[in-house]
Amino acid sequence: MEIKQFQIIVVNLDPTVGSEIRKTRPCLVISPNEMNRHLSTIIIAPITSKSKDYMTRVKFELNGNDNWIAIDQIRTIDLTRIIKVIGEIGIKEVKKVKLVIKETFVD
């Protein structure tokens with residue numbers, strides 16, 4: 001299965017510890033394609049349907065419902081946690097995700 005940056009994938013995040021987002025849920029692939037082609041791990045941001053408008057969350061529509069990409073919950077996972085690919089985000093959301101990552105971790 002070829003995994004690409006900014007795809008939405010369904011991932012089993014359990015087991016988790018403490019306040020980590022848990023259960024099987026959609027996640028956004030954050031890691032660049034070069035890494036995705038060569039490593040057995042990828043970097044993801046979980047997607048949640050219940051959130052507030054935090055500065056580290058990117059709101060978007062998935063299957064007709066509001067959802068949030070949780071940039072504050074970015075983590076690395078093994079490829080064996082991936083269940084399936086279900087889509088990708090649009091260019092508007094890609095730009096917003098990049099901006100929030102930059103504001104959160106770089107500036």
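Everything numeric in this text was worked out from a predicted model, so none of it was measured.
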Any side-chain heavy-atom pair of Y54 and V100 under 4.5 Å:
no
Please answer: with hydrophobic residues joined when any side-chain heavy atoms are less than 4.5 Å apart, are F6 and I101 in the same cluster?
yes
Looking at side-chain heavy atoms only, is the closest gap between L39 and L79 below 4.5 Å?
no
Do V97 and I71 have side chains that get closer than 4.5 Å, going by heavy atoms?
yes
Considering only heavy atoms from C-beta outward, does the side chain of I8 approach that of V85 to under 4.5 Å?
no
Contacts of K92 meeting side-chain contact (heavy atoms from CB on, under 4.5 Å) (sequence neighbours excluded), chain-then-number -> none
I'd like to know if the side chain of N67 and the backbone of N65 have a donor-acceptor N/O pair within less than 3.5 Å.
yes
Testing the basics here: between A70 and A45, what is the closest heavy-atom pair and its distance to 0.1 Å?
O-CB, 3.8 Å
Cluster overlap V10 with I89, hydrophobic side-chain contacts below 4.5 Å
yes
Can you run down the salt bridge (charged side-chain N to carboxylate O under 4.0 Å, His left out) pairs that involve residues 61-90, sequence neighbours left out, and say none if there aren't any?
R57-D72, K59-D66
Flag yes if more than 12 heavy atoms outside N63 fall under 6.0 Å of its CG atom; otherwise flag no.
no
Do W68 and V94 land in one hydrophobic cluster if side-chain heavy atoms of ILVMFWY residues count as linked below 4.5 Å?
no
Let me have the donor-acceptor pairs involving side chains of residues 21-34, under 3.5 Å, with sequence neighbours excluded, atom names and distances please.
| residue | atom | partner | partner atom | Å |
| --- | --- | --- | --- | --- |
| R22 | NE | T16 | OG1 | 3.3 |
| R22 | NH2 | G18 | O | 2.7 |
| R25 | NE | R22 | O | 3.0 |
| R25 | NH1 | I47 | O | 2.9 |
| R25 | NH2 | R22 | O | 3.1 |
| S31 | OG | N36 | OD1 | 2.4 |
| S31 | OG | I43 | N | 3.1 |
| N33 | OD1 | Q5 | N | 2.7 |
| E34 | OE1 | R37 | NH2 | 2.8 |
| E34 | OE2 | H38 | NE2 | 3.3 |

Can you tell me how far the NZ atom of K96 sits from the CD atom of E93, to the nearest 0.5 Å?
11.0 Å
Find out whether I44 and I9 are in side-chain contact, i.e. whether some heavy atom of one side chain is under 4.5 Å from a heavy atom of the other.
yes
Residues two or more places apart in sequence or in another chain: which of them pass side-chain hydrogen bond (donor to acceptor under 3.5 Å, both in side chains) with Q7?
none
